[in-house]
Amino acid sequence: MKRFIISSILLSTIAVLCNAQRHFMPRNDVPTDSIYMSDPFILADSATMTYYMTGTGGMLWKSKDLKKWTGPFRVAQTDHDSWMGPRPMIWAAELHKYNGKYYYFATFTNREVFIDSVKGNKIERRASHVLVSDKAEGPYVPMADDKYLPADQPTLDATFWVDTDGKPYMIFCHEWLQNWNGTVEKIRLKDDMSGTIEGTRQLLFKSSDSPWSKEKTEDGRIKTNKVTDGPFVFRTKTGRLGILWTSWVFGDYTQGVAYSQSGTLDGPWIQQEKPITPPNYGHGMIFRTFDGRLLLCCHSHQKVNGRTVRRPAFFEVDDSGDRLICSSTLYK
């Protein structure tokens, strides 16, 4: 019940932020710590020498130096007649450049449609989906296929990876609210990215595989937390393949990592014993700055006057060895 209450609070906060951002006018020179955003993602676009930041809320910010930002801009154009409905919530948006185009991976939720009810929780129609644009700053529009993942399952936090077979993949989570043991999975994308290929879906790992994510049951027992959030695939300079992902250590939102023994998405995936960031930072991704530094972008998770507050945050990371090493102090 405690996890459901926390989730409900976060959903309410996200809904308020999403509604508020619809009415924002773009502003200039906004410092990073003045931006309220969950699940931030940075595209360092060499074509424009601009950093583009997206996340939950469906808005886009632009910066030349990662310190001052212009925005927010609304860049996602959805089909109101599709399963998303006229006013979908947008979570965890990511921007990926591939074969000369830009792709907008995000989680869309139609709050007026329910697909399941598990342990008293009504589950809304929610799924990972992809939009496309010719420019990093959008607008991003739908492609031919109207769905990427099954309509009867809540999926979220999709990301992108081209594996050693040269094929594009979507990596995503099957949400814990339905399966009660969140997963990280992969599925092949069509070569033109317009949809997924049936029969290629594969489980990579479950939340219960983690040695570090923990929760306490109502009767006081300690067990693995149910949540899998925000997968992001990377490769170290030594060639080792890893996935960043986030769960909880009791009340702390926390960033962990798993590594593939085979060096491909097929795994098997071995979970690192301990988290890699300080508590209450998570949903991370890594990118290289235009001057060559490697940064982990994530969000902070804090309680302020009884409300959950999340802001973009950056840590320097080292990928020169077989394991990603994250600084213990924020990059400013």
Side-chain angles (χ1 to χ4, degrees), residues 2-42 51-63 66-74 89-94 106-107 109 111 156-157 173 175-177 213 215 225 227-230 232 244-256 275-285 295-316 326-332:
K2 180 179 179 182
R3 284 291 305 125
F4 174 66
I5 292 172
I6 291 173
S7 181
S8 298
I9 292 172
L10 291 179
L11 286 174
S12 298
T13 302
I14 289 169
V16 169
L17 290 174
C18 288
N19 289 333
Q21 284 186 322
R22 289 193 180 100
H23 305 290
F24 282 176
M25 294 296 291
R27 295 166 289 152
N28 297 317
D29 298 325
V30 180
T32 305
D33 60 7
S34 294
I35 298 174
Y36 294 87
M37 180 188 286
S38 298
D39 316 327
F41 186 97
I42 302 288
Y51 300 104
Y52 296 92
M53 180 167 65
T54 54
T56 286
M59 309 302 281
L60 177 140
W61 294 81
K62 300 187 291 187
S63 175
L66 296 175
K67 300 182 185 298
K68 299 290 185 180
W69 297 85
T70 299
F73 301 96
R74 195 172 184 182
M89 294 179 68
I90 301 177
W91 296 356
E94 299 187 0
T107 305
T109 300
R111 304 203 72 185
L156 71 164
D157 293 355
C173 299
E175 192 175 22
W176 67 273
L177 283 171
S213 64
E215 65 176 278
N225 193 275
V227 175
T228 49
D229 271 359
F232 178 82
L244 291 164
W245 69 285
T246 302
S247 190
W248 295 79
V249 180
F250 302 113
D252 295 332
Y253 194 65
T254 305
Q255 181 74 69
I276 64 168
T277 59
N280 287 316
Y281 290 94
H283 203 110
M285 56 82 60
L295 298 183
L296 182 145
C297 174
C298 59
H299 67 240
S300 62
H301 180 90
Q302 298 171 311
K303 289 288 187 180
V304 179
N305 296 325
R307 297 186 63 182
T308 300
V309 174
R310 290 178 164 183
R311 295 187 179 94
F314 301 97
F315 292 88
E316 290 197 52
C326 183
S327 170
S328 61
T329 58
L330 286 170
Y331 167 80
K332 296 181 179 180

Would you give the length of the straight line joining atom [atom1] of [X] to atom [atom2] of [Y], rounded to the nearest 0.5 angstrom?
| X | Y | atom1 | atom2 | answer |
| --- | --- | --- | --- | --- |
| Ile276 | Ser328 | CD1 | OG | 12.5 Å |
| Trp248 | Asn225 | CH2 | CG | 8.5 Å |
| Arg311 | Gln302 | CZ | CD | 6.5 Å |
| Asp229 | Ser247 | CG | OG | 7.5 Å |
| Phe73 | Thr54 | CZ | OG1 | 14.0 Å |
| Thr32 | Leu66 | OG1 | CG | 7.0 Å |

Looking at [X] and [Y], would you say the former's side chain and the latter's main chain have a donor-acceptor pair under 3.5 Å?
| X | Y | answer |
| --- | --- | --- |
| Thr246 | Gly230 | no |
| Thr107 | Asp157 | yes |
| Ser327 | Thr329 | yes |
| Gln255 | Tyr281 | no |

List the atom of [X], the atom of [Y], and the distance in Å for their closest heavy-atom pair.
| X | Y | answer |
| --- | --- | --- |
| Ala93 | Ala106 | CA-CB, 3.8 Å |
| Thr254 | Asp252 | OG1-O, 2.9 Å |
| Gly284 | Leu296 | CA-CD2, 4.3 Å |
| Cys298 | Pro40 | O-CG, 3.1 Å |

Query - Phe315 and Leu295: CA distance, side-chain angles, deciding distance, side chain to side chain contact (heavy atoms under 4.5 Å, CB included) verdict - result: CA-CA 6 Å; Phe315 292 88; Leu295 298 183; over 6 Å; no

Beyond-backbone contact of [X] with [Y], side-chain heavy atoms, under 4.5 angstrom:
| X | Y | answer |
| --- | --- | --- |
| Trp245 | Phe232 | no |
| Pro312 | Met53 | yes |
| Val30 | Ile35 | yes |
| Lys303 | Thr308 | yes |

Query raised in the report: Do Arg74 and Met59 pass the side chain to side chain contact (heavy atoms under 4.5 Å, CB included) test, and can you show the C-alpha distance, the side-chain angles, and the key distance before you say yes or no?
Result: CA-CA 5 Å; Arg74 195 172 184 182; Met59 309 302 281; 4.1 Å; yes

Query raised in the report: Relative to the ring of His299, is the ring of Tyr253 parallel (under 30°), tilted (30 to 60°) or perpendicular (over 60°)?
Result: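 Parallel, since the angle between the ring planes stays under 30°.
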
Report task. Quick one: do Met37 and Asp39 satisfy side chain to side chain contact (heavy atoms under 4.5 Å, CB included)? Show the steps, please. Result -> CA-CA 7 Å; Met37 180 188 286; Asp39 316 327; over 6 Å; no

Query raised in the report: Taking the six-membered ring for Trp, are Trp61 and Tyr52 ring centroids under 6.0 Å apart?
Result: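 They do not qualify: ring centres at least 6.0 Å apart.
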
Report task. Examine His283 together with Trp91 and report whether their ring centres are nearer than 6.0 Å. Result ->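 Aromatic pair excluded; centres sit 6.0 Å or further apart.
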
Query raised in the report: Run the side chain to side chain contact (heavy atoms under 4.5 Å, CB included) check on Ile42 and Phe314 step by step: do they pass?
Result: CA-CA 11 Å; Ile42 302 288; Phe314 301 97; 4.0 Å; yes

**Report entry** Criterion side chain to side chain donor-acceptor pair (under 3.5 Å) on Lys68 and Ser63, from CA distance to verdict
**Finding:** CA-CA 6 Å; Lys68 299 290 185 180; Ser63 175; over 6 Å; no

